[in-house]
There are 2 protein chains.
Amino acid sequence: MPRHSVRDVIVETALREFHRIGFAACSVDTITRAAGVPKGSFYNHFKSKEDLAVEVVAKYTAEAEWNSVIDPELTPLEKLRAQFRIMGDVLVGNGYTRGCMIGNMGEELADHSEPMRAQVRASLGGWAEGISATLRAAREAGETSTDADLDVLGRYILDAWEGALLRSKVVKNDQPLDDFFSTVFGQLLR
Amino acid sequence: MPRHSVRDVIVETALREFHRIGFAACSVDTITRAAGVPKGSFYNHFKSKEDLAVEVVAKYTAEAEWNSVIDPELTPLEKLRAQFRIMGDVLVGNGYTRGCMIGNMGEELADHSEPMRAQVRASLGGWAEGISATLRAAREAGETSTDADLDVLGRYILDAWEGALLRSKVVKNDQPLDDFFSTVFGQLLR
DNA sequence: CCGGCCAAGACGACTAGTCATATTGGAGGG
DNA sequence: CCCTCCAATATGACTAGTCGTCTTGGCCGG
């Protein structure tokens, strides 16, 4: 049991720290110190820092706040809006820093780490498919009259979200998120 | 003159190398080796690696392929499409690596370097304004019937571009760019 | 001679990962 | 039940670099 729990502490801590400062700036030492775990123990649980990061992205993908929107009273588009809203609230709560963990890792490591590129690809792919599924429900419910291919649109909306988060880190105000919401829900999906 | 030329060689080389592998992965040694310049000379011209990177982003912004689209025969929307197309061709030509230099730097450094955050902010801001100006010309020419606020739309389109380039690095195929073009020109701007 | 510019190599901080040693837990025997 | 031994696991000092930056000596020109 203790070994299992130490491992989990490392993953949880790494998730927080990688998101806070990014992969390159976050050393194994930083993680283990923050986790209160001896540095030498790290390699009992993870083959490398890269392996840990891949696992962290998988965990984040499964547990992101996105998944916490489960109110059955919401229409499909209301649900989609709530999902993006809650993710945006996290960004704002962090003072417009950190952006999106998945996008950050893709940006930083896609050209350098094949396991990470594969993980980010899977994470973004699954996320976009979820958006497209919600769009299909919205279309069936008569919530949107768009004639766009909904798989294309789901992916595109996610791209726009990643870009908006990036710009939020840069301008440090609400404008990118406001632009996103008004364009996606006010133009593309009406 | 020689100092000026060495300095320029460093900037040109840095532009290439920073874009190829990103800020953190690109050491001063990497740049000076590639430039054929003694490493010790570097600090005669630049206060720091960060200062160089800021200057590189400014230079890239001024000289990106985006600016090379000047055919007066093109309608505003044709011009906009050509501008994005030529930028996309660079990505494809590099095997779907590198993404967008400005976005990359913003991603990697916005939370760590204030001068870089300011530069990326200026670069993205200017770029988005250019897009919005083209959209206004398109509206006046009757090319688009969108009723969106064109300043909002310009910024949003640029966000979507950044996100599409990120995803291109991850999936390494044409899908993100295709999604971008069909949604922006097939949905938002028709 | 003096001042300014150049650049080689030194400097100190930091990194991911290793490994010799310490610790712990489980199994077997009395 | 207790004790001993052994194997597996834990750990912190260490290794072998890399890094950005600085210092100092040399060179050149006025």
Side-chain angles (χ1 to χ4, degrees), chain A residues 1-57 104-105 108-117 119, chain B residues 1-57 104-105 108-117 119:
Chain A
M1 259 315 183
R3 191 182 68 173
H4 181 67
S5 150
V6 167
R7 193 181 195 283
D8 286 351
V9 170
I10 292 176
V11 174
E12 293 284 349
T13 307
L15 193 153
R16 208 170 58 238
E17 295 298 310
F18 278 141
H19 200 187
R20 186 171 66 88
I21 57 179
F23 181 82
C26 181
S27 64
V28 170
D29 199 43
T30 298
I31 295 166
T32 51
R33 279 176 193 273
V37 172
K39 187 181 175 215
S41 302
F42 180 89
Y43 295 95
N44 290 326
H45 304 288
F46 303 97
K47 180 161 171 292
S48 65
K49 180 182 167 188
E50 177 189 14
D51 276 13
L52 169 64
V54 171
E55 185 166 329
V56 160
V57 171
N104 295 346
M105 290 289 188
E108 212 174 335
L109 295 171
D111 286 346
H112 301 285
S113 159
E114 191 54 31
M116 180 58 86
R117 188 177 75 82
Q119 177 61 57
Chain B
M1 259 311 185
R3 191 184 69 171
H4 181 67
S5 151
V6 168
R7 195 182 193 283
D8 286 350
V9 170
I10 292 177
V11 174
E12 293 284 351
T13 307
L15 194 155
R16 207 169 59 235
E17 295 299 310
F18 278 139
H19 200 184
R20 187 171 65 88
I21 56 179
F23 182 81
C26 180
S27 64
V28 169
D29 197 44
T30 298
I31 296 165
T32 51
R33 279 176 193 274
V37 173
K39 190 182 177 195
S41 302
F42 182 88
Y43 294 93
N44 293 324
H45 305 288
F46 302 98
K47 181 162 171 291
S48 66
K49 181 182 169 190
E50 178 188 15
D51 276 11
L52 169 64
V54 171
E55 184 168 329
V56 160
V57 170
N104 295 347
M105 290 291 188
E108 213 176 332
L109 294 172
D111 287 347
H112 300 286
S113 157
E114 191 55 32
M116 179 57 86
R117 187 178 73 84
Q119 177 60 60

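Within every chain, numbering begins at 1; the chains are lettered A, B, ... in the order of the sequence lines, protein sequences first and strands thereafter. Atoms considered below: every heavy atom in the structure, side chains included; atoms not considered: hydrogens, waters and symmetry mates. This structure is a prediction, so every number in the text was calculated from the model and none was measured.
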With the side chain counted from C-beta on, respond yes when [X] and [Y] share a heavy-atom pair under 4.5 Å apart, and no when they do not.
X        : Y       : answer
B:Asn104 : B:Phe18 : no
A:Leu52  : A:Ile31 : yes
A:Glu55  : A:Arg7  : yes

In whole angstroms, how far is the [atom2] atom of [N] from the [atom1] atom of [X]?
X       : N      : atom1 : atom2 : value
B:Phe42 : D:dC19 : CZ    : P     : 13 Å
B:Asp51 : D:dG20 : CG    : C1'   : 13 Å
A:Tyr43 : C:dT15 : OH    : P     : 11 Å
A:Asn44 : C:dG17 : CG    : C1'   : 12 Å
A:Phe46 : D:dA10 : CZ    : P     : 12 Å
A:Leu52 : C:dT15 : CG    : C1'   : 16 Å

For this session: Under 4.0 Å from any atom of DNA chain D, heavy atoms only: list the residues of residues 21-40 of chain A that qualify, in numerical order.
Result: A:Pro38, A:Gly40

Exercise. Do you see a donor-acceptor pair shorter than 3.5 Å between the side chains of A:Ser113 and A:Glu50?
Worked result: yes

Seminar exercise, completed: Against the side chain of B:Lys49, the closest entry in C:dA7, C:dA16, D:dT21 is D:dT21

For this session: Give a yes/no verdict on a cation-pi contact between B:Lys49 and B:Phe23, requiring under 6.0 Å between NZ or CZ and the six-membered ring centre and an angle within 45° of the axis.
Result: yes

Exercise. Can you check whether A:Ser41 has a side-chain N or O nearer than 4.0 Å to OP1 or OP2 of D:dT11?
Worked result: yes

Problem set entry | Which residues share a side-chain hydrogen bond (donor to acceptor under 3.5 Å, both in side chains) with A:Arg16, sequence neighbours left out | none

